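Quantities reported herein were computed from a predicted structural model and do not represent experimental measurements. Throughout, a chain's letter reflects where its sequence line sits, starting with A, and its residues are numbered from 1. Below, all heavy atoms of this structure are taken into account, side chains as well, without hydrogens, waters or symmetry copies.
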2 protein chains.
Amino acid sequence: MAATPVWSVDPRTGKQREQVAVEATSGEVDEAVRAAHAARGALADRTARAAFLRAAADLLDEAAAHVIEAADAETALGPGRLTGELARTTGQLRAFADSVDEGSYLDIRIDRPDAGAVPPRPELRRYKVALGVVAVYAASNFPLAFSVPGGDTASALAAGCPVVVKAHPDHPATSELCASLLRRAAVAAGLPPEVVSVVHGFDAGLELIRHPLVSAAGFTGSIRGGRALFDAAAARPVPIPFHGELGSLNPVVVTPAAAAERAEEIAVGLAGSVTLGLGQFCVKPGLVLVPEGADGDRLTAALTKALGETEPGVLLDHRMRENFVSGVRERAALPGVDAPVTPGSGGEHTVGAGYLTVPAARLLEGGAYEVLLEECFGPVTVVVRYGDQSEAGSVLGLLPGNLSATLQLSAAEADGGPGPAAELIEQVTALAGRILVNGWPTGVAVAPAQHHGGPYPAATSHSTSVGGTAIERWLRPVVYQSVPDPLLPAELREANPLGLPRRVTPAAS
Amino acid sequence: MAATPVWSVDPRTGKQREQVAVEATSGEVDEAVRAAHAARGALADRTARAAFLRAAADLLDEAAAHVIEAADAETALGPGRLTGELARTTGQLRAFADSVDEGSYLDIRIDRPDAGAVPPRPELRRYKVALGVVAVYAASNFPLAFSVPGGDTASALAAGCPVVVKAHPDHPATSELCASLLRRAAVAAGLPPEVVSVVHGFDAGLELIRHPLVSAAGFTGSIRGGRALFDAAAARPVPIPFHGELGSLNPVVVTPAAAAERAEEIAVGLAGSVTLGLGQFCVKPGLVLVPEGADGDRLTAALTKALGETEPGVLLDHRMRENFVSGVRERAALPGVDAPVTPGSGGEHTVGAGYLTVPAARLLEGGAYEVLLEECFGPVTVVVRYGDQSEAGSVLGLLPGNLSATLQLSAAEADGGPGPAAELIEQVTALAGRILVNGWPTGVAVAPAQHHGGPYPAATSHSTSVGGTAIERWLRPVVYQSVPDPLLPAELREANPLGLPRRVTPAAS
């Protein structure tokens with residue numbers, strides 16, 4: 001059987017650019033995983049690992065022009081956005097290198113023995129070890145930051161886990177280029193190149209999740225694809241953790257007082273957030289609760305103006321464009337749903353931004369209206385007009401899990417004054433992993449305290465995929481009981497030769 | 001349809017003692033979960049939660065005589081063991097109360113905003129919130145410490161999660177008694193009693209894991225039962241985390257030097273660990289690698305003597321007795337397997353302890369010998385005689401995941417001298433969650449650094465079910481981005497009114 005070619009496609013024309021690879025056969029997936037597994041010992045060296053991550057960041061920065069050109073040609077995201085994404089990606093690699101050096105992710109805990117306790121308490125020394133080979137499923141919408149050199153890869157490598165990436169078919173050339181840079185960085189740091197590899201192809205992705213030597217997986221993508229892989233991970237003879245980010249509506253609630261105070265400003269901010277990256281962000285606001293009445297009408301009028309002024313753009317691929325156009329059409333056809341700015345009316349390869357409106361009472365009917373509670377990937381949002389606080393709460397009660405939830409409050413409400421703010425904070429905390437007030441959810445800061453995740457389907461686990469604690473997903477605890485000092489891992493030795501942070505019980509007086 | 005009665009049975013006679021409950025119908029499970037869910041708001045009060053856990057410990061201590069009598073009548077574990085188990089249980093409840101007060105489990109992280117960063121960094125304040133109702137599946141072999149008032153319940157309540165326990169059918173009266181004490185403790189602390197409830201029945205257990213308002217589950221039991229529930233948890237429309245402890249062989253490796261130095265001492269220690277609690281511990285050593293040759297023979301001779309001197313005892317129930325007897329018979333029938341002390345030869349209601357031996361070469365044949373790699377619950381262990389270090393390594397390579405792994409080393413090896421110790425430590429670290437040198441795995445200390453878990457099937461997740469960090473299983477992170485101080489949860493406010501530990505980036509100078 002001839003190998004299936006993998007083409008790089010220009011979304012601006014729909015034309016094939018070049019063949020960059022072939023889909024991995026079952027045997028090739030097996031080979032990549034075995035090679036990664038064999039390389040895990042080398043990755044156990046924390047110093048080499050940190051050097052590797054920094055070298056990878058440096059090589060990506062040096063090749064920036066080339067990388068951005070490759071990514072733009074395949075994704076149409078534009079050099080501006082991709083320059084920012086590359087900076088985020090290299091910043092992330094360096095931040096994880098710092099985490100490796102600092103070592104608190106090892107969560108070292110030491111209990112001193114207590115022979116006088118009943119029962120006597122033994123000495124316990126605990127830290128975390130790498131799980132093994134991690135499968136990373138790259139996203140379409142971030143060819144760098146959530147793909148081959150992205151956060152899942154960086155955090156897994158930081159944890160000491162070799163990585164096999166299943167490349168996204170929307171940017172195979174970028175994936176190959178980044179993989180070669182990462183492998184060069186590994187060699188520069190004295191590690192075998194097999195600590196990172198890339199495979200292409202849908203079937204290869206399934207083979208990967210089922211491979212007995214794969215110990216965990218990270219995924220960013222659709223609910224359908226993510227759930228299929230989650231199910232495969234759970235059905236294995238030895239199930240493995242599957243950290244998937246699947247989809248999110250990212251509700252926004254505008255209070256009556258906020259609408260009264262800032263209707264136009266909110267509309268402009270919302271339009272910017274909905275159309276950023278042409279609505280192809282997982283944290284795009286997809287459902288906006290706007291009060292009925294004159295202030296809400298001012299908001300929608302301003303939104304109509306702002307969205308009406310945006311230029312059409314090219315989505316990541318033609319399948320997405322079709323899904324967007326048909327998704328908008330299906331939603332707009334529901335009785336009671338209006339489309340003040342009809343999205344999807346771009347040219348042959350482009351789409352325009354827009355929004356839909358629906359009365360809350362309709363949404364609360366359920367049935368066919370449930371489609372409005374599903375993410376529609378692209379530059380569109382659904383404005384739900386609500387009567388009172390109780391009706392807004394009922395709509396929030398319909399929502400599945402989300403990555404983010406945003407409140408637009410008046411100055412007095414934000415200041416803790418009377419109003420629905422406290423109750424809304426409580427309601428959205430139950431629904432989402434990140435809560436914002438008077439901001440917009442797009443632009444997820446990569447920072448130590450960041451959390452990118454949320455109740456299902458936003459995420460399939462309670463771990464975070466962005467920020468300092470993302471590394472925790474690829475580790476498991478091991479405790480050493482009464483193990484003599486010379487036999488302990490260096491991280492746990494009494495003299496603390498690596499100078500790592502540790503919690504000791506009882507604390508030294 | 002008449003309700004199915006739940007009987008308390010005396011394992012010493014096989015006779016029914018009394019009917020203590022009925023199996024929960026589907027409607028009753030729904031009612032218990034809804035009542036628990038409705039009570040979750042009250043549990044959000046950390047002060048009340050800590051008081052509740054301490055009150056529960058106090059009430060259990062006050063009712064000690066009654067609790068121990070009930071548990072002994074149903075489990076035959078004996079007052080000595082049960083007194084220790086109760087102390088462990090109340091100690092655990094109080095330790096989690098201390099954790100609630102101390103607050104580091106909230107993992108509070110604060111990133112200061114940085115308007116000068118590219119892109120500008122927002123303020124982020126992150127902690128962890130309770131998941132919601134937790135289903136706890138109680139174990140047969142710990143009617144207290146891994147049942148209604150056990151570690152899963154205590155850690156879930158400490159996290160702020162209401163609990164519905166599926167009682168184990170081996171000790172329904174103890175379960176009812178403990179539940180009533182816990183509910184009294186809740187009321188004493190000003191909480192609704194519905195924060196804990198108990199249901200009985202196999203079908204009720206399945207209803208529970210599938211209930212939409214159940215957010216996570218903890219389980220201690222068999223691979224078969226645990227995997228069925230794990231699969232049900234993963235197959236839900238909204239999958240939930242399932243923290244199961246399923247089964248473990250707990251390998252022991254005796255080096256030739258250790259056998260030369262301490263053959264008899266090791267045999268006596270091993271016999272004690274294998275027969276402790278009549279072999280009904282999840283960390284019972286079930287597979288022991290002993291070198292071929294004279295020193296190993298001395299060890300087995302001493303083991304024959306030690307095990308031959310133990311008294312028969314009563315297992316937790318008659319089904320377990322049948323499984324034990326048939327399990328030993330199946331293993332002993334394999335060609336090359338010897339039974340120097342045949343286990344299972346007790347009276348009508350009792351079993352005797354014993355052990356089997358097999359050459360490593362046979363085990364490495366696989367096929368029918370794979371049954372020797374499965375846990376056999378009860379007072380039996382399998383001694384595998386190995387030729388050299390490489391053969392011992394091959395046997396370790398066959399093993400599934402384990403809760404513990406133990407090395408018996410010579411004094412010089414333990415001191416870091418030449419020998420296989422370092423390689424063995426590395427091999428068993430890949431296999432287990434707890435590593436011991438020159439100790440025995442039974443008697444899991446409840447301590448801040450403890451880890452009770454391990455690669456599948458020892459556990460279905462990488463969290464720990466014993467020790468300070470067990471609380472982490474029932475929480476998920478939430479981050480607040482640029483949320484004004486008056487709207488933040490008290491735990492995250494700038495003035496730190498609750499005095500909680502927090503990591504701030506950048507750290508204050």
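Most heavy-atom pairs under 4.5 Å with chain B, from the set A130(A), P237(A), G468(A), G439(A): that is P237(A). Most heavy-atom pairs under 4.5 Å with chain B, from the set V238(A), I108(A), L487(A): that is L487(A). Contact tally against chain B (heavy-atom pairs below 4.5 Å) for G417(A), A414(A), A445(A), G467(A): the top residue is A414(A). Per-residue counts of heavy-atom pairs under 4.5 Å with chain A were compared for P441(B), A447(B), S482(B); the largest is that of A447(B). In terms of heavy-atom pairs under 4.5 Å with chain A, the best-connected choice from S215(B), P455(B), P120(B) is P455(B). Contact count versus chain A (heavy atoms, under 4.5 Å) is highest, among P239(B), G416(B), P119(B), for P239(B). No other option in P486(A), A449(A), G433(A), A430(A) has as many heavy-atom pairs under 4.5 Å with chain B as A449(A). Highest contact tally toward chain A, considering only L131(B), L409(B), I240(B), I110(B), is held by L131(B) [criterion: heavy-atom pairs under 4.5 Å]. Highest contact tally toward chain B, considering only T460(A), L436(A), L475(A), V504(A), is held by L436(A) [criterion: heavy-atom pairs under 4.5 Å].
Residue D231(B) touches chain A through its side chain alone, counting heavy-atom pairs closer than 4.5 Å. Neither the backbone nor the side chain of P489(B) comes within less than 4.5 Å of any heavy atom in chain A. Using a 4.5 Å cut-off between heavy atoms, A432(B) contacts chain A through its backbone alone, with no side-chain atom that close. Only the side chain of T469(A) comes within less than 4.5 Å of a heavy atom of chain B; its backbone N, CA, C and O stay farther away. Contacts of E426(B) with chain A are absent, with no heavy-atom separation under 4.5 Å from either backbone or side chain. Contacts of R236(A) with chain B are made by backbone atoms alone, with heavy-atom separations under 4.5 Å and no side-chain atom involved. Contact annotation for F230(B): only side-chain heavy atoms (C-beta onward) come within less than 4.5 Å of a heavy atom of chain A. Both the backbone and the side chain of T429(B) have a heavy atom closer than 4.5 Å to some heavy atom of chain A. For a residue to count as touching a neighbouring chain, one of its non-hydrogen atoms must lie under 4.5 Å from one of that chain's; by this rule R112(B) does not touch chain A. The contact between A235(A) and chain B is made entirely by backbone atoms, counting heavy-atom distances below 4.5 Å. For E472(B), the part lying under 4.5 angstrom from a heavy atom of chain A is the side chain only. Residue P457(A): no heavy atom, backbone or side chain, is found under 4.5 Å from chain B. Both the backbone and the side chain of V483(B) come within contact range of chain A, judged by heavy atoms closer than 4.5 Å. At a 4.5 Å heavy-atom cutoff, L246(B) makes no contact with chain A through either its backbone or its side chain. The contact between R227(B) and chain A is made entirely by side chain atoms (from C-beta outward), counting heavy-atom distances below 4.5 Å.
Taking the side chain as every heavy atom from C-beta outward, P241(A) and H462(B) approach each other to under 4.5 Å. A heavy-atom distance below 4.5 Å is not found between the side chains of S404(B) and Q481(A). Between V446(A) and R121(B) there is no side-chain heavy-atom pair separated by less than 4.5 Å. In this structure, the side chains of V437(B) and P484(A) come closer than 4.5 Å at one or more pairs of heavy atoms. Put simply, the side chain of R503(B) does not reach to within 4.5 Å of the side chain of P448(A), judged on heavy atoms. Under the 4.5 Å side-chain criterion, counting only non-hydrogen atoms from C-beta, V478(A) is not in contact with R434(B). Put simply, the side chain of Y480(B) reaches to within 4.5 Å of the side chain of I425(A), judged on heavy atoms.
A donor-acceptor contact closer than 3.5 angstrom is absent between the side chains of T464(B) and R126(A).
Note that NE2 of H451(A) is 12.0 Å distant from CZ of R109(B), once rounded to the nearest 0.5 Å.
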